[in-house]
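Written out below as structure tokens is the structure these notes cover.
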Amino acid sequence: MNAIGRRAVSAGAALCFSGGAAWAHASERGYVLLLPTDYYLFGGMLAVALSFLILVFLPVQGVERLLSRRISLLPMPLDGRAVTSTLSFLALAAIVYAGFQGSRDPLSNPLPLVIWTLLWVGVTITQGLLGNLWAWINPWYGPWRMLVRAGLPEGGIRPLPAVLGRWPACLTLFGFAWFELVYLAPADPERLAVAVSLYWGFTFAGMVLFGHESWCTRAEFLSLFFGMLSRLSLFALSGEGRRKRLVLGLPGHKLGGAAALSLSGVAFLLLALSSVSFDGLKHTFFWFDLIGINPLEFPGRSAVTGESSLGLVVMFGLLFSGFMGAVWLGCRLAGKRGVRKLAGLLAWSIIPIALAYHFSHYLVGFTINSQYALAALSDPLMRGWNLFGTAGMHVQAGATLGAQSAWIIWNAQAVAIIGGHVLAVILAHLIAYRHFGSARLATVSQIPLAILMVGYTVFGLWLLSAPTAG
């Protein structure tokens with residue numbers, strides 16, 4: 001071997017042995033599949049056209065009658081939530097144990113994959129389409145029910161102060177978003193196991209102190225967020241006690257009797273939407289240029305912690321102020337008052353946009369990481385187990401590769417965002433009609449909010465088409 005060859009081998013060996021540990025985030029963009037610009041432009045124009053056609057020509061009374069129709073499917077005489085929740089708690093305890101004792105690779109350890117992929121993406125989409133699955137699988141209800149049977153007051157030891165509203169849920173949701181989007185290693189299994197354990201204990205203590213129902217609807221962000229999303233779903237339970245039945249209706253049929261959200265409830269829903277949007281924004285070249293960083297030389301999360309924290313807050317502030325401003329202007333155009341109540345009612349119409357962007361933003365990552373999750377769950381401690389027969393499965397990354405797969409994904413993303421926007425405009429128009437009792441006033445009042453929704457739809461499509469890094 002000549003001198004050049006020896007130097008090359010030495011350099012290669014030094015490079016191989018010089019690497020340190022690297023922590024990945026399972027929800028980061030490991031796969032880049034940008035929406036083409038023509039989809040982005042066409043989607044924006046279509047959203048504008050459909051919005052104003054809906055406002056002008058929507059037959060409100062006919063749509064009201066259509067949404068009120070439900071098909072009764074089957075009786076649901078048993079409430080097995082205590083059993084399914086207890087099983088969910090045991091499963092969570094098992095994967096948290098795997099987080100402490102299993103592989104430190106986020107794509108081999110089941111904890112990051114279950115939390116960031118199956119829960120935050122899979123359950124979210126399921127809630128919006130099928131119904132409140134979370135009420136059956138949340139890991140607190142079963143253990144709490146056991147304490148109630150042992151003598152704990154069902155309403156808790158003391159009431160949760162009404163003045164707090166849903167602001168505690170806003171704080172826990174912001175903490176979750178900050179951990180996911182800003183914290184240095186949110187997918188490191190051991191650190192995530194610590195965070196999940198602390199949050200489970202904090203939430204369970206809140207339920208013991210203030211009652212399960214009160215804490216879940218005002219402080220526990222997953223139960224509140226998933227409950228809001230389930231209002232959009234096709235399926236619902238009707239009736240009381242053993243007379244409950246499973247019914248099927250059109251998307252949004254459960255919003256007919258929804259009460260106006262408080263200001264804290266509006267803030268919570270908009271924070272959930274803005275945090276996912278910021279997750280898309282913080283990868284764009286535009287964001288890196290805004291904070292003065294070369295996107296091709298991204299220094300890592302530790303270098304932009306302050307900027308990312310501020311960006312998360314500013315994104316929420318812009319969306320919240322834009323929404324409240326649009327509702328205020330709509331009331332002025334209609335010559336009516338009651339901005340806060342109308343905002344609380346119209347906030348429900350944001351759910352389709354939140355669900356559509358959640359689906360589009362995480363679609364590619366979910367397609368790949370859900371396969372890693374199936375493999376990791378079969379061998380959670382990397383000991384050669386094959387509990388579910390999926391330990392040796394080959395992850396099909398090709399599901400997102402090639403012209404045909406890309407075409408399917410691009411169309412699914414564009415259709416979801418435009419469809420979510422159209423449904424949001426329809427629901428907002430119906431809500432305004434119920435509030436004002438006049439189709440003309442409803443149309444006039446919805447013009448500013450429709451413009452905001454169009455703008456946010458275009459923004460979502462742009463995020464999917466913008467070059468990304470980091």
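Side-chain contact between Arg301 and Lys282 is present, with at least one heavy-atom pair separated by less than 4.5 Å. Within the 4.5 Å cutoff, the side chain of Leu281 has heavy atoms near those of the Trp462 side chain. Using a 4.5 Å heavy-atom cutoff, the side chains of His283 and Trp287 are not in contact. Using a 4.5 Å cut-off on side-chain heavy atoms (C-beta onward), Ile350 and Met453 make contact. Residues Phe316 and Leu319 form no side-chain contact, since every pair of their non-hydrogen atoms from C-beta on lies 4.5 Å or further apart. Inter-residue side-chain proximity for Val425 and Leu50 is flagged as unmet; no heavy-atom pair is nearer than 4.5 Å. Between Ile417 and Leu464, some side-chain heavy-atom pair lies under the 4.5 Å cut-off. Counting heavy atoms from C-beta outward, Leu250 and Leu66 have side chains that approach closer than 4.5 Å.
Between the side chains of Gln413 and Tyr357, no donor-acceptor pair of N or O atoms lies under 3.5 Å. For the 3.5 Å distance criterion, the side chains of Arg245 and Ser238 fail to qualify, holding no donor opposite an acceptor. Side-chain contact of His421 with Thr457: a donor-acceptor pair under 3.5 Å is present, judged by distance alone.
Residues Phe221 and Phe225 place their aromatic rings such that the two centres sit no closer than 6.0 Å. Ring pair Tyr141/Trp136: centre-to-centre distance not below 6.0 Å. When ring centroids are compared, Trp410 and Phe42 stay outside the 6.0 Å threshold. Side-chain rings of Trp140 and Phe204 stay apart, their centers remaining 6.0 Å or farther from each other. If you look at Phe179 and Phe174, their ring centroids are not closer than 6.0 Å.
In this structure, the side chain of Thr117 does not engage the main chain of Val114 through any donor-acceptor pair within 3.5 Å. In this structure, His361 contributes its side chain and Gly460 its backbone to no donor-acceptor pair below 3.5 Å. Not one N or O on the side chain of Ser51 forms a donor-acceptor pair closer than 3.5 Å with the backbone of Ala450. Side-chain N or O atoms of Glu190 include none that pairs as donor or acceptor with a backbone N or O of Phe100 at under 3.5 Å. Under a 3.5 Å cut-off, the side chain of Ser308 and the backbone N or O of Thr305 do not form any donor-acceptor pair. Of the possible donor and acceptor atoms, one in the side chain of Gln127 sits under 3.5 Å from a partner among the backbone N and O of Trp134. Side-chain atoms of Ser233 never come within 3.5 Å of backbone atoms of Leu229 as a donor-acceptor pair (strictly under, hydrogens ignored). A donor-acceptor distance shorter than 3.5 angstrom exists from the side chain of Ser264 to the backbone of Arg166, with no hydrogens or angles considered. Side-chain atoms of Asn411 come within 3.5 Å of backbone N or O of Trp407 as a donor-acceptor pair. A donor-acceptor contact shorter than 3.5 Å links the side chain of His253 to the backbone of Leu234.
Residue pairs meeting the salt bridge (charged side-chain N to carboxylate O under 4.0 Å, His left out) criterion with at least one member in residues 67-84, sequence neighbours excluded, are Asp79-Arg81. Identified under the side chain to side chain donor-acceptor pair (under 3.5 Å) test for residues 374-386, with sequence neighbours left out: Ser378-Thr390. A ring-ring contact (aromatic ring centres under 6.0 Å, His included) check over residues 70-92, counting only residues at least two apart or in different chains, returns the pairs Phe89-Trp200.
Taking CG of Leu270 as the reference point, atom CG of Leu261 lies at 9.5 Å (rounded to 0.5 Å). Atom CD1 of Ile418 is separated from atom CD1 of Ile353 by 12.0 Å, given to the nearest 0.5 angstrom. Taking CG of Leu35 as the reference point, atom OG of Ser465 lies at 6.0 Å (rounded to 0.5 Å). Rounding to the nearest 0.5 Å gives a distance of 6.5 Å between SG of Cys170 and CG of Leu271. How far CE of Met315 is from OG of Ser274: 7.0 Å, rounded to the nearest 0.5 Å. Taken to the nearest 0.5 Å, the CD1 atom of Ile351 stands 6.0 Å off from the CG atom of Leu255.
Qualifying ring-ring contact (aromatic ring centres under 6.0 Å, His included) partners for Phe366, counting only residues two or more places apart in sequence or in other chains: none. Checked against salt bridge (Lys or Arg N to Asp or Glu O under 4.0 Å), Arg145 has the following partners two or more places apart in sequence or in another chain: Glu154. With sequence neighbours left out, Trp178 forms a side-chain hydrogen bond (donor to acceptor under 3.5 Å, both in side chains) with Ser309.
Across every non-hydrogen atom of Ala193 and Val96, the tightest pair is CB-O, 3.8 Å. Across Ser103 and Asn109, no two heavy atoms sit closer than the pair O-ND2, 2.8 Å. Contact detail for Leu269 and Ala347: the closest heavy-atom pair is CD2-O, 3.0 Å. Closest approach of Trp116 and Val121 over heavy atoms only: O-CG2, 3.5 Å. The nearest pair of heavy atoms linking Ala416 to Ala356 is O-CB, 3.1 Å. Nearest heavy atoms, Gly227 versus Asn132: CA-ND2, 4.5 Å.
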- Message: Between Phe388 and Leu377, does the side-chain contact (heavy atoms from CB on, under 4.5 Å) criterion hold? Intermediate values first, please.
- Response: CA-CA 8 Å; Phe388 307 108; Leu377 285 169; 4.3 Å; yes

